[in-house]
Amino acid sequence: MNIDSIRADFPILSRKVNGKDLIYLDNAASTQTPRAVVDDIEYIYYNRKANVHRGVHCLSQEATAAMEEARERVRRFIGADSVEEIIFTRGTTESINLVASSYGLLLNEGDEIILTVMEHHSNIVPWQLLASRRGIVIKVVPCDERGVLDLDAYRALFSPRTRLVSVTQVSNVLGTVNPVAEMAAIAHSHGALVCIDGAQAVAHTKVDVKALGADFYVFSSHKMYGPTGVGILYGRRDLLETMPPYQGGGEMIGHVSFSGTTWAELPFKFEAGTPDYVGAAALAKAIDYLEGLGIENVADHEHELLEYATSLMETIPGLRIYGTAPHKSAVISFLIGDAHHYDTGILLDQLGIAVRTGHHCAQPLMERFGIEGTVRASFAAYNTRVEVDAFIAALRRVAAMLV
Ligand SMILES: *Cc1c(COP(=O)(O)O)cnc(C)c1O
């Protein structure tokens with residue numbers, strides 16, 4: 001991979017922040033967007049903007065074709081069997097809410113679902129809402145000090161009432177890569193379904209939903225070089241067919257009458273209202289971009305930066321890294337001495353370095369480690385060793401000031 005030419009695809013990377021060169025290490029929250037994707041959005045707005053699926057006119061037909069090509073592009077990207085299994089949503093959060101609300105209606109009081117201690121709030125709260133509405137029971141898989149899930153504890157959580165496991169493939173805080181295929185196989189042996197949160201995975205590892213054994217797989221465009229406001233729910237077709245609609249409105253109906261309304265076929269049954277057809281088409285461009293780089297190449301590059309940064313951070317007195325699982329993803333959560341994560345983040349920002357601070361929408365995980373929050377640096381295809389060197393130099397300055 002030629003990092004200089006990749007960086008040239010991202011105009012934002014050449015801006016200054018507080019008079020310093022921007023060093024963007026907040027990729028686990030949102031990646032930046034390459035010119036090819038932004039250009040596509042501009043092109044659509046200037047040349048082809050029209051609502052999809054309803055129009056006889058040329059622009060609408062072009063828009064519809066682009067949206068359905070995007071669906072096919074996503075299908076290929078994650079190895080799904082058919083486009084009927086690809087639902088466009090607003091993002092990971094909405095995808096999980098869709099599953100919890102719709103599949104949740106098929107659950108009965110006393111049924112159980114299994115989550116893990118390292119889930120993002122968006123993979124906790126929709127299930128809690130369901131629990132309060134339907135009387136289902138939530139069980140939680142613990143992790144060890146390194147941030148590795150306890151698979152024995154996981155196995156022990158199953159009962160004849162277990163209906164679903166919902167687990168993140170990669171922790172957005174610890175970088176842990178969970179053995180989701182193995183966890184899915186265990187769940188299936190107990191007759192339970194598996195929903196995999198792929199928000200931190202799809203831009204960093206090749207995903208094949210069938211090889212993983214995912215019954216549902218969810219992710220967001222904005223964390224994989226795509227536009228904001230669009231995401232994906234993959235669901236196995238036979239499951240989606242049995243599930244009731246999530247939202248009602250236009251697009252999702254067969255026929256509407258006050259004496260009874262019928263639903264559209266998949267995937268439209270789950271896409272009420274005008275979809276983000278511009279975002280969907282641009283997501284396809286982002287997939288082209290990512291696969292053009294080669295996900296394996298991106299992963300290797302990020303891994304090298306992770307190892308390099310980690311080895312240097314370990315030499316900084318008072319710096320503690322949270323999340324030391326083997327083969328982790330390129331996310332580094334840390335604290336320096338007693339310094340507040342927020343103060344560290346502010347000082348880094350003054351040096352032009354963008355990191356995330358806080359609980360990272362994973363408060364139960366913070367509780368597990370007995371902390372309020374961390375500072376988190378996370379890498380993408382366009383980050384460099386030179387940036388890591390600057391980050392480390394900045395951390396040394398911060399440590400000298402705060403510790
Ligand atoms: C970001 C993230 C989410 C939520 O994604 P949204 O795009 O905010 O809906 C869920 N799970 C994980 C692991 C994440 O990193």
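Below, all heavy atoms of this structure are taken into account, side chains as well, without hydrogens, waters or symmetry copies. For ligands, and for the atoms within them, numbers begin at 1 and follow the listed sequence.
If you look at K223 next to ligand 1, the close heavy atoms, those under 4.0 Å, all belong to the side chain. Residue R90 does not touch ligand 1, judged by heavy-atom distances below 4.0 Å.
Counting only heavy atoms of the protein, atom 10 (C) of ligand 1 lies nearest to S122 OG, 3.1 Å. Counting only heavy atoms of the protein, atom 8 (O) of ligand 1 lies nearest to T93 OG1, 3.7 Å. Here the heavy atom of the protein found nearest to atom 11 (N) of ligand 1 is D197 OD2, 2.5 Å.
When the shell of 6.0 Å around CD of Q61 is examined, it contains more than 12 heavy atoms from other residues, nucleotides or ligands.
Of all atoms in ligand 1, numbered sequentially from 1 with element shown, those under 4.0 Å from a heavy atom of T168 are 13 (C). Remark: ligand 1 atoms within the under-4.0 Å shell around heavy atoms of Q200 are 13 (C), 14 (C), 15 (O). Numbered from 1 in the order shown, with element, the atoms of ligand 1 that lie under 4.0 Å from a heavy atom of T92 read 4 (C), 5 (O), 9 (O), 10 (C). Here is the list of ligand 1 atoms found below 4.0 Å of a heavy atom in N172: 15 (O).
Contact annotation: E119 has no heavy atom less than 4.0 Å from any atom of ligand 1. Not close to ligand 1: N123, with no non-hydrogen atom less than 4.0 angstrom away.
Within the 4.5 Å cutoff, the side chain of E296 has heavy atoms near those of the K206 side chain. The shortest distance between side-chain heavy atoms of Y45 and V278 falls below 4.5 Å. Contact of the I232 side chain with the I87 side chain is not registered, since no non-hydrogen atoms from C-beta on lie closer than 4.5 Å.
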Exercise. Run the salt bridge (charged side-chain N to carboxylate O under 4.0 Å, His left out) check on K328 and E307 step by step: do they pass?
Worked result: CA-CA 10 Å; K328 65 179 269 196; E307 303 255 285; over 6 Å; no
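Salt-bridge annotation for R71 and E271: present, with a side-chain N of the basic residue lying under 4.0 Å from a carboxylate O of the acidic one.
Where the criterion is an N or O separation shorter than 3.5 Å, residue side chain and backbone included, S220 meets it with respect to ligand 1.
If you check the side chains of H255 and T261, you find no donor sitting under 3.5 Å from an acceptor.
Atom CG in N97 sits 8.0 Å away from atom OG in S122 (nearest 0.5 Å).
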